[in-house]
Every structure is written in C-alpha cells, then in structure tokens.
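Chain identifiers are assigned alphabetically (A, B, ...) following the order of the sequence lines, protein sequences preceding nucleic acid strands; residue numbering begins at 1 within each chain.
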There are 2 protein chains.
Amino acid sequence: MSHTLGIRQAQKQKTRQALMDSALQLLEHQSLSSLGLREVTRAVGVAPAAFYRHFKDTADLGVALVEQALGSLHDTIRAAIVTTGSSDERIDRAVALIAAHVRTHPAHVRFIARERHGGVAPVREAIGVQLRRFADEVAEALGADPQSTGWSREDLRMLAGVYVDHMVMTASALLEGEEAPVLATARAQLRLVTLGRRHWLD
Amino acid sequence: MSHTLGIRQAQKQKTRQALMDSALQLLEHQSLSSLGLREVTRAVGVAPAAFYRHFKDTADLGVALVEQALGSLHDTIRAAIVTTGSSDERIDRAVALIAAHVRTHPAHVRFIARERHGGVAPVREAIGVQLRRFADEVAEALGADPQSTGWSREDLRMLAGVYVDHMVMTASALLEGEEAPVLATARAQLRLVTLGRRHWLD
DNA sequence: TGTACATCAGTGAACGCGCGTTCACTGATGTAC
DNA sequence: TGTACATCAGTGAACGCGCGTTCACTGATGTAC
C-alpha cells in the first residue's frame with residue numbers, strides 16, 4: 001500500500017499550495033519585492049498569521065515558486081533536447097514545446113522572466129542556479145550528439161547557454177506578442193545558430 | 001550667446017537629477033515596484049512633498065530613468081555597430097564597448113535588466129519601445145553592410161534582435177560574474193552567430 | 001474499540017510604524033514698469 | 001537702477017491606512033495504551 005498523508009498534513013499542503021497559487025496570480029501585475037504577505041493571505045482567505053506556518057516571508061515563498069516553476073520547465077526542456085530528426089524537425093519540435101509550455105504555464109513563465117533579474121536576492125539566485133543546471137544538462141545532451149564531435153566542453157557549454165537564454169527570451173516574448181511571429185523569429189534564430197554550429201570547426 | 005537657464009530652473013533640474021540618482025542607487029537592491037517615494041526624498045534630503053514638483057509617482061520617475069539609461073546605451077550601440085575591420089575585430093570591439101559601458105554605468109544596466117520584465121507596466125513598455133528602436137537601428141546598419149547582400153528585411157530584423165538581446169544579456173551577466181569568462185563566452189557566442197550569418201544564404 | 005493526552009494549523013485581536021497624499025505656507029527668483 | 005507684484009520649488013505638519021509581526025487561543029487530528 002502506498003504512503004498516505006495524514007488528514008492534517010494533507011490540509012496543510014493544500015493551504016500551502018493555495019498560498020503559492022494566489023501569490024503567482026498576484027505576481028502577474030507586480031514584482032515579488034512588492035508582494036505583501038497580507039495580500040496573499042487575503043486572496044486565499046486565511047488569517048495573515050497563518051502565512052508563518054508555511055513560509056518565513058514572501059522571499060521564502062518566492063524560492064518555493066522558483067522550484068515549482070522551473071520543475072515544470074525542466075520536463076519541457078528534457079523533451080526539447082531529443083536529438084532525433086533533421087535540424088529543422090528538431091527546431092520545430094523545440095519551438096512547439098516552448099509554445100505549449102507558455103500556453104499551459106503562463107504565470108510560471110512570467111514569474112521566472114520577471115524575477116530572474118528581480119530585486120529579491122534569494123529568488124534571483126535560485127533561478128540562476130537552476131538555469132545553470134539546465135544549461136549543464138543541455139550541454140551534456142549536445143555532447144552526446146554526433147554533430148558535436150570535436151567540440152570542447154567549454155564550447156558545448158557556451159552553445160548550451162545560447163539555447164537556454166534563447167528559450168527563456170522566447171518564452172517571455174510569447175507572453176507579450178502574437179504567437180505566430182514570435183515563433184517564426186525564434187525558429188529563424190535557431191536556424192542561424194544551427195548554421196553556426198555546423199561550421200564551428202571549419 | 002548661448003541660452004542659460006534661470007537660477008530657479010537650474011536648481012529645479014539639479015533636484016530632479018538628485019532624485020533620479022538617489023532612486024537609481026536605491027534600485028540596486030530592490031525593484032521599482034517596491035521603491036517608496038519617501039525613501040527617495042529621504043536619500044536626497046528634501047521633503048516628501050517636493051517629489052510631486054518633479055514626478056507624478058515613482059513609475060513616472062522610472063520612465064525618466066529609462067530614457068536616461070537607454071540614452072547612454074544608445075551611444076555605445078552606435079559605436080559598436082561600426083562595420084570596419086574583420087569579423088573578429090568587430091566582435092572584440094563590440095564586446096569591449098559593452099564591458100566599458102557596464103563599468104561606467106553599472107546602475108543603469110542593472111535597472112534596465114531588472115525592469116525590462118518588471119512589475120511596472122509603463123516602465124516595461126518604455127524599455128520595450130527603446131530596445132525595439134535599437135534593433136531597428138542595428139538592422140539598418142546590418143543592411144548597409146556588404147555581407148548582408150540578399151538578406152530580407154525580416155531576416156535582418158531577426159539578426160538584429162539576436163544582437164540586441166545578446167548585448168543586454170551580456171551586460172547583465174557582467175554585473176554578476178567575473179568579467180573575463182563572461183566576455184570570453186560573449187565573444188564565442190558572437191562568433192557562432194557570425195558563422196551562421198555567413199552561411200545563411202547557402 | 002475507547003479514552004486521555006499531545007500536537008499543531010489556523011484564528012483574531014493588538015501593536016507600532018512608515019507609507020502616499022493634501023494643504024496652507026515661505027521666501028528666493030523672475031518680471032513689468 | 002529701483003520698486004512692487006507674481007511665480008513657484010520646496011516646507012512641515014497632518015491625515016487615514018495597510019503593513020508585518022506577536023501572542024494566547026481553539027479545536028480538529030494524531031498517538032499511546
């Protein structure tokens with residue numbers, strides 16, 4: 001039989017998740033550094049003091065949001081770096097996956113784009129750590145691709161950085177602009193990088 | 001004889017600039033959306049009410065900061081897009097100019113990186129408008145380069161977008177990491193783009 | 001299964017504090033003659 | 001140049017308000033026997 005949370009634990013998790021969900025919603029129109037603890041508890045419908053049963057302060061809640069937001073993005077990235085198919089097929093697949101991710105998790109994407117360089121240090125650092133991990137993972141996948149024979153670790157990491165940064169930029173552009181032109185530009189930019197990659201060792 | 005401001009006007013400008021300078025300093029450790037009007041006037045040493053003689057609110061001050069910050073960046077960009085010399089020379093020159101800009105205007109760079117996707121809509125939009133203008137300008141310069149013969153307007157704009165985004169990312173990376181490795185990565189990424197550019201029409 | 005006690009998520013009231021905004025004011029600067 | 005009046009950047013006091021944090025509490029859930 002699988003492990004079941006007690007009623008008390010389950011209820012606590014539910015409230016915690018409600019705080020995170022409400023915070024994410026409130027962050028659509030403001031930054032974490034101006035998000036109030038009372039705002040969040042008011043949106044959930046609990047007493048302000050209840051907040052402290054779950055988080056030390058709003059920065060702490062922000063770090064929890066980073067883990068949630070980048071956890072879901074992590075799955076998308078793993079799906080995007082599959083190396084089967086032609087370059088164009090891989091580009092189309094990666095771009096389609098990003099578009100789908102933004103459609104299903106717009107608030108997560110906005111949060112990451114906003115707080116990546118935001119005013120709350122622990123959150124900024126948590127995002128930085130995770131994005132660097134993503135880049136490491138992408139670099140490793142690139143290294144396994146026969147197309148990367150002869151590439152140094154350093155150059156693979158450099159290329160992975162381009163892909164991760166481009167993904168974040170594209171995701172955040174999708175929140176603001178029309179989908180079709182943003183995706184067309186993203187595909188062209190990836191084709192440009194693919195061409196550069198192909199001639200890197202010339 | 002050149003036009004001279006009256007004493008009153010000159011003093012007013014001075015206070016206005018002091019408000020902007022103090023705000024920029026305070027924004028090193030927080031976002032605009034949590035910057036208080038009283039914080040700023042306290043730092044300058046004027047009464048809170050004096051703020052209203054210059055700005056409607058802190059968002060209004062933020063828009064003024066965008067113009068100042070991107071005005072100085074504009075000069076750097078114009079210097080960076082000069083098309084003389086080999087590809088490597090142009091890359092070295094552009095990267096050196098960015099590094100110098102970040103060294104001389106770190107607070108401006110931080111402000112732009114932070115508020116580009118920040119929680120204050122008018123500021124975000126002002127930054128977006130200016131960065132799009134920069135990209136247009138870069139696209140125009142690229143179009144004048146013989147290397148771009150046969151490129152469509154759309155592809156030139158796409159490439160210009162890569163350069164502008166890369167510049168902003170590099171500038172913001174310079175604020176956080178060691179200069180030398182960040183610049184080395186930036187140069188490698190620009191070489192990658194240059195290679196892609198050279199084979200775009202193959 | 002039932003009982004007696006322990007745990008602890010969430011409550012509700014209270015606190016001191018700094019916030020943004022308003023207002024009538026002051027006194028240096030500007031202007032008209 | 002001097003005088004009389006107008007302008008207006010900056011003042012200082014006042015306001016109502018929502019904030020983060022604390023605390024003793026309640027009552028449902030968990031645990032030991």
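Applying the salt bridge (charged side-chain N to carboxylate O under 4.0 Å, His left out) test to every pair with at least one member in residues 101-113 of chain A, sequence neighbours left out, gives these pairs: A:Glu28-A:Arg110, A:Arg103-A:Glu179. For residues 149-169 of chain B, the salt bridge (charged side-chain N to carboxylate O under 4.0 Å, His left out) pairs, not counting sequence neighbours, are B:Arg116-B:Asp165, B:Asp136-B:Arg157. Residue pairs meeting the salt bridge (charged side-chain N to carboxylate O under 4.0 Å, His left out) criterion with at least one partner in residues 49-68 of chain B, sequence neighbours excluded, are absent. Sorted by first and then second residue, the ring pair (Phe, Tyr, Trp, His ring centres under 6.0 Å) pairs with a member in residues 87-106 of chain A read A:His101-A:His105, A:His105-A:His108; sequence neighbours excluded. Listed by first then second residue, pairs satisfying salt bridge (charged side-chain N to carboxylate O under 4.0 Å, His left out) with a partner in residues 4-26 of chain B number zero, not counting sequence neighbours.
Nearest-nucleotide positions on DNA chain D place A:Leu35 closer to the 5' end than the other of A:Ile7 and A:Leu35.
Distance B:Asp60 CG to C:dG20 P: 15 Å, rounded to the nearest Å. A straight line from CG of A:Leu37 to C1' of D:dT21 spans 9 Å, rounded to a whole angstrom. Put simply, NZ on A:Lys14 is 15 Å from C1' on D:dT29, counting in whole angstrom units.
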Donor-acceptor pairs are to be reported for all side-chain atoms of residues 40-50 of chain A against protein atoms at under 3.5 Å, with residues two or more places apart or in another chain.
residue	atom	partner	partner atom	Å
A:Thr41	OG1	A:Leu37	O	3.4
A:Thr41	OG1	A:Arg38	O	3.1

Side chains of residues 184-198 of chain B: which donor-acceptor partners sit under 3.5 Å, not counting sequence neighbours?
residue	atom	partner	partner atom	Å
B:Thr185	OG1	B:Pro181	O	3.1
B:Gln189	OE1	B:His166	NE2	2.9
B:Gln189	NE2	A:Met158	O	3.3
B:Thr194	OG1	B:Leu190	O	2.8
B:Arg197	NH2	B:Asp145	OD2	3.4
B:Arg198	NH2	B:Ser87	OG	3.0

Can you list, pair by pair, the side-chain donor-acceptor contacts under 3.5 Å of residues 123-135 of chain A, counting residues two or more places apart and other chains?
residue	atom	partner	partner atom	Å
A:Arg124	NH1	A:Gly118	O	2.8

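Residues A:Ile98 and A:Leu174 form a side-chain contact, since some pair of their non-hydrogen atoms from C-beta on lies under 4.5 Å apart.
Listed by residue number, the members of residues 23-33 of chain B with any heavy atom below 4.0 angstrom from DNA chain D form an empty set.
Residue contacts for A:Phe51: at a heavy-atom cut-off of 4.0 Å it reaches no nucleic acid atom on any strand shown.
Environment of CD in A:Glu176: crowded, with over 12 heavy atoms of neighbouring residues, nucleotides or ligands closer than 6.0 Å.
Applying the ring-ring contact (aromatic ring centres under 6.0 Å, His included) test to A:His29 and every residue at least two apart in sequence or in another chain returns nothing.
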Please list, for nucleotides 9-13 of chain C, all pairs of protein and nucleotide N/O atoms separated by less than 3.5 Å.
residue	atom	partner	partner atom	Å
C:dA9	OP2	A:Lys12	NZ	3.4
C:dA9	N7	A:Arg53	NE	3.4
C:dG10	OP1	A:Thr15	OG1	2.4
C:dG10	OP2	A:His54	NE2	2.6
C:dG10	N7	A:Arg53	NE	2.9
C:dG10	N7	A:Arg53	NH2	3.3
C:dG10	O6	A:Arg53	NH2	2.6
C:dT11	OP2	A:Ala47	N	2.7

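For DNA chain C, each stem of at least three Watson-Crick or G-U pairs (distances under 3.5 Å) is given as range with range: C:2-33 with D:2-33.
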